[in-house]
There are 2 protein chains.
Amino acid sequence: MATEPSHRRGKAVDEKILGAVIDVIEASGTLAIKVDQVAAVAGVNKTTIYRKFPTRDELVLTAILAQAETVIPIPDTGSLRDDLTAIARMVREVVTSPLGRALLSASAESPQLAELRPEYWGARFAVAAEVIERAVRSGECKPPEDPALLIELMVAPIHFRASQVGGEITDTFIELQVDRLMQALT
Amino acid sequence: MATEPSHRRGKAVDEKILGAVIDVIEASGTLAIKVDQVAAVAGVNKTTIYRKFPTRDELVLTAILAQAETVIPIPDTGSLRDDLTAIARMVREVVTSPLGRALLSASAESPQLAELRPEYWGARFAVAAEVIERAVRSGECKPPEDPALLIELMVAPIHFRASQVGGEITDTFIELQVDRLMQALT
DNA sequence: CTTCTAATGCAACACAAAGTTGCAATGGAT
DNA sequence: ATCCATTGCAACTTTGTGTTGCATTAGAAG
C-alpha cells in the first residue's frame, strides 16, 4: 500500500516552520518578518523554507491560515448576557494582543486573505450566534431575524476602537455593546 | 526683513513629492510603494526625496498626514436622519475606496500614526457630532450623553465590515446603523 | 547683468533582505 | 545494507533602501 509518499521528515518540519513564523510575528508585533529570522527560530535552513513556500508572503499567509483554524471555545454560562459578555471580552483580548493585531492587519494587505474573509467571519459569527439561538430555545429571549448580524454589530465597535480609534476598551464599553444587543432581543 | 530662508524651489517640490506618494498609493492600492516610483511620478530625483524625508516610512507618513488634513464637509440637510445618512455614506465611500483602505491600514503598522489616532478620530467624531448637537438645539431630538460616542458606534460597523468581514455595505446596512442611532436619541 | 548660494540632478556606491542554485550530508523506509 | 527524498550549506543574483561626492541650475541680492 502506498504509504503517504514523501513525508519522511517533511511534516514535522512544516509545523516547526509555521510555528516559528507565528512566534516571530508575536515577538515583533508586525507581519514584516525576515525569512532568516524564521529559519533561525525554527532551527532550519533558509533553503528548506523556500523549498516549501515559494515566497515570503505565501509563508506568512500559510502560517496565518493555520493559526486561524484555532477553535474558539463557545461559552455556556447559563445566562445569555454572561455568554455575550464572555464573547465580547474574548474579542477584546484578541484585538488588543500584539499577535491579534498583527494578524488582523494582514487582511488589509493580502488580496488572497481578502477572498477568504467572508467565509472566515461568517463561520465565527455563526458559532458565536449559537449562544443566542440557545437562549431562544430556552425561552430566554425572542428569536431575532439574523443572529449572526447581531454578533457582528456587537463586536464591530470593539474592533473599530482597537484598530482605528485607539483608546482603552473598558469593561463599561463592552457592557454597552452587550446591552445594545440585549435590547434588540427584547 | 529675512524673507523665508531656503524655500526657493523647495516648497513646490515638497508638494509634488507628497502628491506623487498619494498617487502611487492610490494606483497600487498598498502602502508598500517604492521610492523610485515616487521619484519617477514626481519628476524628481531620488536623492532629492531622501534629502527632505530621511526614510521611506517618514515619507509615507508625512504624505498620509497631509492627506488626513483634508476637511470633510459636514452635511446640513435640515433633517437629522438625512445628515446622519450622508455621513454614513461618506464613510462608506472612504472605506471602500482603494486609497481609503490603504490609508486606514497604515495605522496598524506605524507606531507613530498609532499615537496620533485618538486625536485624529476625536476631531472627526466631534465634527460629525455637530449634526446631533444642531438637532438638539432645534429641538429635533433629546440631548444625548455623548454625541461623539454615538457617531463612533454608528460608523464602527461600516469600518468593521469594510476592513475585516468583507461583503457589500448596502444602503440597507447603512440605514440600519442610522436607525440604531436615531433610536438612542428618542 | 553679474554673482553667490542653496536646491537639485546625477552616478556610483554600500547595505540588507529576498530568492536561487549546485552539491554534499543524512535520515528513514525497504 | 541500500536507496532516495529531504535537509544543510555556501555562494550567488536581484531588488530596493539609503548614502556620498560632485556637477548644475534656479533664483535672490547687489
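Because the structure is a prediction, the values reported are computed rather than measured. Chain identifiers are assigned alphabetically (A, B, ...) following the order of the sequence lines, protein sequences preceding nucleic acid strands; residue numbering begins at 1 within each chain.
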Under 3.5 Å, which protein N or O atoms sit close to an N or O of nucleotides 22-24 of chain C? Give each pair with its distance.
unit_1, atom_1, unit_2, atom_2, d
C:dG22, O6, A:R51, NH2, 3.4

Donor-acceptor pairs under 3.5 angstrom involving side-chain atoms of residues 112-119 of chain A: please list them, not counting sequence neighbours.
unit_1, atom_1, unit_2, atom_2, d
A:R117, NE, B:Q164, O, 3.3
A:R117, NH1, B:S163, O, 3.2

Point to revise | Sub-4.0 Å heavy-atom contacts from residues 24-45 of chain B onto DNA chain C, ordered by number | key: B:G43, B:V44, B:N45
**Study point:** DNA chain C contacts made by residues 54-62 of chain B, counting heavy atoms under 4.0 Å
**Key:** none
Review point. So which pairs with a foot in residues 130-141 of chain B pass side-chain hydrogen bond (donor to acceptor under 3.5 Å, both in side chains), sequence neighbours left out?
Key: B:D76-B:R134, B:D83-B:R134, B:E130-B:R137
Check your understanding: Reckon A:K52 has a side-chain N or O less than 4.0 Å from the OP1 or OP2 of D:dT7?
Key -> yes
Quiz: residues 31-43 of chain A side-chain donor-acceptor pairs under 3.5 angstrom, not counting sequence neighbours:
none

**Study point:** Distance, rounded to the nearest Å, where A:K46 contributes NZ and C:dT20 contributes P
**Key:** 10 Å
**Study point:** Qualifying residues under salt bridge (charged side-chain N to carboxylate O under 4.0 Å, His left out), relative to A:R92, sequence neighbours excluded
**Key:** A:D171
Point to revise | Distance, rounded to the nearest Å, where A:Y50 contributes OH and D:dA11 contributes C1' | key: 16 Å
Exercise for review: Please collect all ring pair (Phe, Tyr, Trp, His ring centres under 6.0 Å) contacts where either partner lies in residues 77-123 of chain B, sequence neighbours excluded, each pair once.
Suggested key: A:F160-B:W121, B:W121-B:F125, B:W121-B:H159
Check your understanding: Sequence neighbours excluded, which residues qualify as side-chain contact (heavy atoms from CB on, under 4.5 Å) partners of A:V127?
Key -> A:I74
Check your understanding: Is there side-chain contact between B:L176 and A:L149, with heavy atoms separated by less than 4.5 Å?
Key -> yes
Please list every donor-acceptor pair under 3.5 Å in which a side-chain atom of residues 18-25 of chain B meets a protein atom from a residue at least two apart or in another chain.
none

Point to revise | A:D57: side-chain contact (heavy atoms from CB on, under 4.5 Å) partners, not counting sequence neighbours | key: A:T55
Point to revise | Separation of atom CG in A:D14 from atom P in D:dA5, rounded to whole Å | key: 17 Å
Practice item. Provide, to the nearest angstrom, the distance between the CZ atom belonging to A:F53 and the P atom belonging to C:dT20. Key: 15 Å
All N/O donor-acceptor pairs, side-chain side in residues 178-186 of chain A, below 3.5 Å, sequence neighbours left out:
unit_1, atom_1, unit_2, atom_2, d
A:D179, OD1, A:R81, NH2, 2.1
A:T186, OG1, A:M182, O, 3.3
A:T186, OG1, A:Q183, O, 3.4

